[in-house]
K.L.:
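My questions all concern the structure below.
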There are 2 protein chains.
Amino acid sequence: MRKLNLEALKKEFEQFLRKKKMKVTRARLDLLDHIASYDRHFEIEELVNWVASRSDRPVSRSTVYRTVKLLEEFGAVREVIKKDKKTIYEFVAGSPHHDHLVCLNCGKIIEFVSDEIESLQHQICNHYGFKPLNHRLEIYGLCRDCQSS
Amino acid sequence: MRKLNLEALKKEFEQFLRKKKMKVTRARLDLLDHIASYDRHFEIEELVNWVASRSDRPVSRSTVYRTVKLLEEFGAVREVIKKDKKTIYEFVAGSPHHDHLVCLNCGKIIEFVSDEIESLQHQICNHYGFKPLNHRLEIYGLCRDCQSS
DNA sequence: ATGAGTGCAAAGTATTTGCACGTAC
DNA sequence: GTACGTGCAAATACTTTGCACTCAT
């Protein structure tokens with residue numbers, strides 16, 4: 001599956017925190033652990049419950065919000081879409097950049113990778129003198145299953 | 001600029017409403033008018049104020065929310081991004097599909113069109129048996145001006 | 001020891017909704 | 001005249017924040 005050394009990632013995160021003069025706390029490391037083991041798209045509420053369910057050290061909703069934001073900055077997590085009012089995130093450390101097909105009927109999310117699209121994007125940015133830091137491509141429609149029914 | 005006959009668009013919208021057995025009201029037509037003349041990215045709050053500022057018939061925030069949703073369904077408006085908690089829309093009737101470069105520093109939005117990317121997207125959808133209805137590509141980064149400063 | 005981190009409850013904010021009244025048909 | 005549309009205020013629902021306490025350094 002994911003070719004990622006979780007221990008190494010945690011060490012990097014600790015360094016990231018130290019560099020920002022922030023503290024390496026149990027809640028922060030625990031959350032990175034739990035998000036990595038959840039290993040798919042998640043929303044804050046799910047994460048709060050997931051943590052509560054598999055550990056005897058729950059983390060408060062506020063801290064989850066604060067830490068997810070931090071992990072986003074660190075680069076281990078990214079925002080996928082805002083669906084209704086909720087934000088859906090994904091754990092991305094160790095996996096290549098990818099985009100999404102989102103089924104409007106069943107909500108399924110299919111990931112795909114396209115180097116050609118990535119490279120066209122770079123051409124476009126060059127043309128505008130724009131420095132890309134991040135991007136997001138989502139295609140909304142109907143997945144195979146939902147088309148038949 | 002925009003090659004669009006506003007009167008024709010309004011007629012189409014009226015037909016759209018009748019087909020849905022909805023009423024053709026002053027608020028609905030007025031809003032289409034105002035959005036067309038605003039002619040750039042907008043948020044609900046801006047639209048409410050814009051309408052209030054240039055007409056003696058303001059439209060309530062609730063009706064704006066309801067009507068924008070309707071115009072989205074009709075196809076004259078589309079959601080661009082959710083920024084913070086707000087949703088940013090754009091008027092799209094009469095203009096070709098395009099995507100966005102969003103400057104993270106100043107908030108500027110640059111539009112671009114790429115047929116190559118569109119066609120690669122179709123290839124990907126075919127591969128997954130996915131029927132695309134709609135898509136959204138945003139590249140976040142720094143615009144030319146914000147890189148220098 | 002000290003200040004940053006955490007949990008809680010309260011506040012905030014974009015959006016939605018119930019209801020009484022107005023208006024298109 | 002009837003039912004749908006509108007405006008208002010209240011309700012929602014996700015997210016943020018102030019504050020007192022706890023913990024990493």
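Convention: sequence-line order gives letters A, B, ...; per-chain numbering from 1. All of these numbers come straight from a predicted model, not from anything done at the bench.
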K.L.:
I want to check a possible cation-pi pair here: Arg18(A) against Phe16(A), using under 6.0 Å from ring centre and within 45° of the ring axis as the test.
P.N.:
no
K.L.:
Are OP1 or OP2 of dT6(D) and a side-chain N or O of Thr25(B) less than 4.0 angstrom apart?
P.N.:
yes
K.L.:
Side chain of Ala27(A) only, please: which of dT17(D), dT6(C), dT6(D) is the nearest?
P.N.:
dT6(C)
K.L.:
Do the side-chain N or O atoms of Tyr65(A) get closer than 4.0 angstrom to the phosphate oxygens (OP1, OP2) of dT15(D)?
P.N.:
yes
K.L.:
Tell me what Lys86(B) touches on the nucleic acid: a base, only sugar-phosphate, or nothing, going by heavy atoms under 4.0 Å.
P.N.:
sugar-phosphate
K.L.:
Is any side-chain nitrogen or oxygen of Arg28(B) closer than 4.0 Å to OP1 or OP2 of dT6(D)?
P.N.:
yes
K.L.:
On the nucleotide dT15(C), are OP1 or OP2 found under 4.0 Å from the side-chain N or O atoms that Thr87(B) carries?
P.N.:
yes
K.L.:
Go nucleotide by nucleotide along DNA chain C from the 5' end; which of Lys23(B) and Ile44(B) gets its closest nucleotide reached first?
P.N.:
Ile44(B)
K.L.:
Tell me the interatomic distance from Asp30(B), atom CG, to dT23(C), atom C1', rounded to whole angstroms.
P.N.:
14 Å
K.L.:
Check every strand shown and say whether Arg26(A) touches a base, only sugar-phosphate, or nothing at a heavy-atom separation below 4.0 Å.
P.N.:
nothing
K.L.:
For His98(B) versus Arg78(B), what's the shortest heavy-atom pair and its separation?
P.N.:
O-NH2, 2.6 Å
K.L.:
Check whether any side-chain nitrogen or oxygen of Thr63(A) sits under 4.0 Å from OP1 or OP2 of dG5(C), and answer yes or no.
P.N.:
no
K.L.:
Once rounded to the nearest 0.5 Å, what's the spacing between atom NZ of Lys69(B) and atom CD of Glu79(B)?
P.N.:
10.5 Å
K.L.:
Measure the spacing between CZ of Phe130(A) and CG of Asp145(B) and express it to the nearest 0.5 Å.
P.N.:
11.5 Å
K.L.:
Looking for any heavy atom pair under 4.0 Å, which part of the strands does Lys69(B) touch: base, sugar-phosphate only, or nothing?
P.N.:
sugar-phosphate
K.L.:
For Glu72(A) and dT15(D), what is the distance between atoms CD and P respectively, to the nearest whole Å?
P.N.:
11 Å
K.L.:
What nucleotide among dT17(D), dG7(D), dT25(D) has an atom nearest to a side-chain atom of Arg66(B)?
P.N.:
dG7(D)
K.L.:
Nearest whole angstrom, please: distance from the P of dT15(D) to the NZ of Lys85(A).
P.N.:
11 Å
K.L.:
Using a heavy-atom cut-off of 4.0 Å across all strands, would you classify Lys83(A) as base, sugar-phosphate, or nothing?
P.N.:
nothing
K.L.:
Run the salt-bridge test on Lys86(A) and Glu45(A) with the 4.0 Å N-O cut-off and return the result as yes or no.
P.N.:
no
K.L.:
Give the rounded distance in Å between these two atoms: NZ of Lys82(B) and C1' of dT15(D).
P.N.:
14 Å
